*Asks:* 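Sending over a structure as structure tokens; questions will come in a sec.
If you're wondering where the values come from, they're calculated on a predicted model, not measured in any experiment. As the structure lists them, so they are numbered: ligands from 1, and atoms in each ligand from 1.
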Amino acid sequence: MIVFDLSCDSGHRFEGWFSSSEDYSRQLAEGLLCCPTCGSGAVDKAPMAPSVGKKGNQQTAAKPAAQTPEHGQGEGARPVSNAPMSPEVKQALEKLADAQKKALKDSKWVGKSFAEESRAMHYGERDHQAIHGEASPEEAKELIDEGVPVAPLPFPVAPPEDLN
Ligand SMILES: [Zn+2]
């Protein structure tokens with residue numbers, strides 16, 4: 001198959017597909033060619049079309065940038081990976097977990113009343129002591145806004161009531 005750029009006497013351009021140049025000549029001679037726009041039979045090979053704009057429907061339109069979600073951390077989002085952890089990372093994490101355990105040795109688990117307890121200590125309503133527990137992101141933010149010293153623990157802590 002060959003493709004010819006054709007145009008009619010009104011200047012409409014269109015493509016014609018032919019099995020050969022002879023086929024084109026035959027169809028033209030038999031009056032089988034006509035303009036798809038105006039139906040004119042006065043069709044001839046178009047002068048070489050400027051490459052710009054030609055076959056506009058075939059150009060690979062630049063896709064709009066995919067709407068990838070922001071890489072920012074959403075509420076409560078945590079960085080995760082399914083990459084296998086190297087032994088070094090595992091060891092380091094175990095050390096860190098151990099360190100956290102030691103740091104919390106003299107700390108009292110207060111569970112969900114952490115915000116309340118730490119606030120009471122901060123305002124001098126009760127003696128200061130080391131506590132740890134659970135706080136929602138909102139609670140933690142409120143505490144920080146109030147100047148109550150809180151820090152997230154790198155590892156989850158098993159509440160004592162869950163331990164046998
Ligand atoms: Zn035409």
*Asks:* When you measure from the side chain of Ser113 to the backbone of Glu116, do you find a donor-acceptor pair of N or O atoms at a distance under 3.5 Å?
*Replies:*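 Judged by distance alone, no pair lies under 3.5 Å.
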*Asks:* Checking Asp23 side chain against Ser19 main chain: does a donor-acceptor pair fall under 3.5 Å?
*Replies:*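 Looks like yes, one N/O pair under 3.5 Å.
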*Asks:* I need the protein N, O or S atoms closer than 2.8 Å to the Zn ion (ligand 1), given as residue plus atom name.
*Replies:*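 Cys8 SG, His12 ND1, Cys35 SG, Cys38 SG, with waters left out.
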*Asks:* Over 60° means perpendicular and under 30° means parallel, so tell me whether Tyr24 and Phe18 are parallel, tilted or perpendicular.
*Replies:*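 Tyr24 and Phe18: perpendicular rings.
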*Asks:* So with a 6.0 Å cut-off around CG of Asp127, is the heavy-atom count from everything else above 12?
*Replies:* no
*Asks:* Salt bridge or not for Glu117 and Arg126, using N-O below 4.0 Å?
*Replies:* yes
*Asks:* Is it true that Arg26 and Glu30 make a salt bridge, defined as a side-chain N closer than 4.0 Å to a carboxylate O?
*Replies:*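 So Arg26 pairs with Glu30 through a salt bridge.
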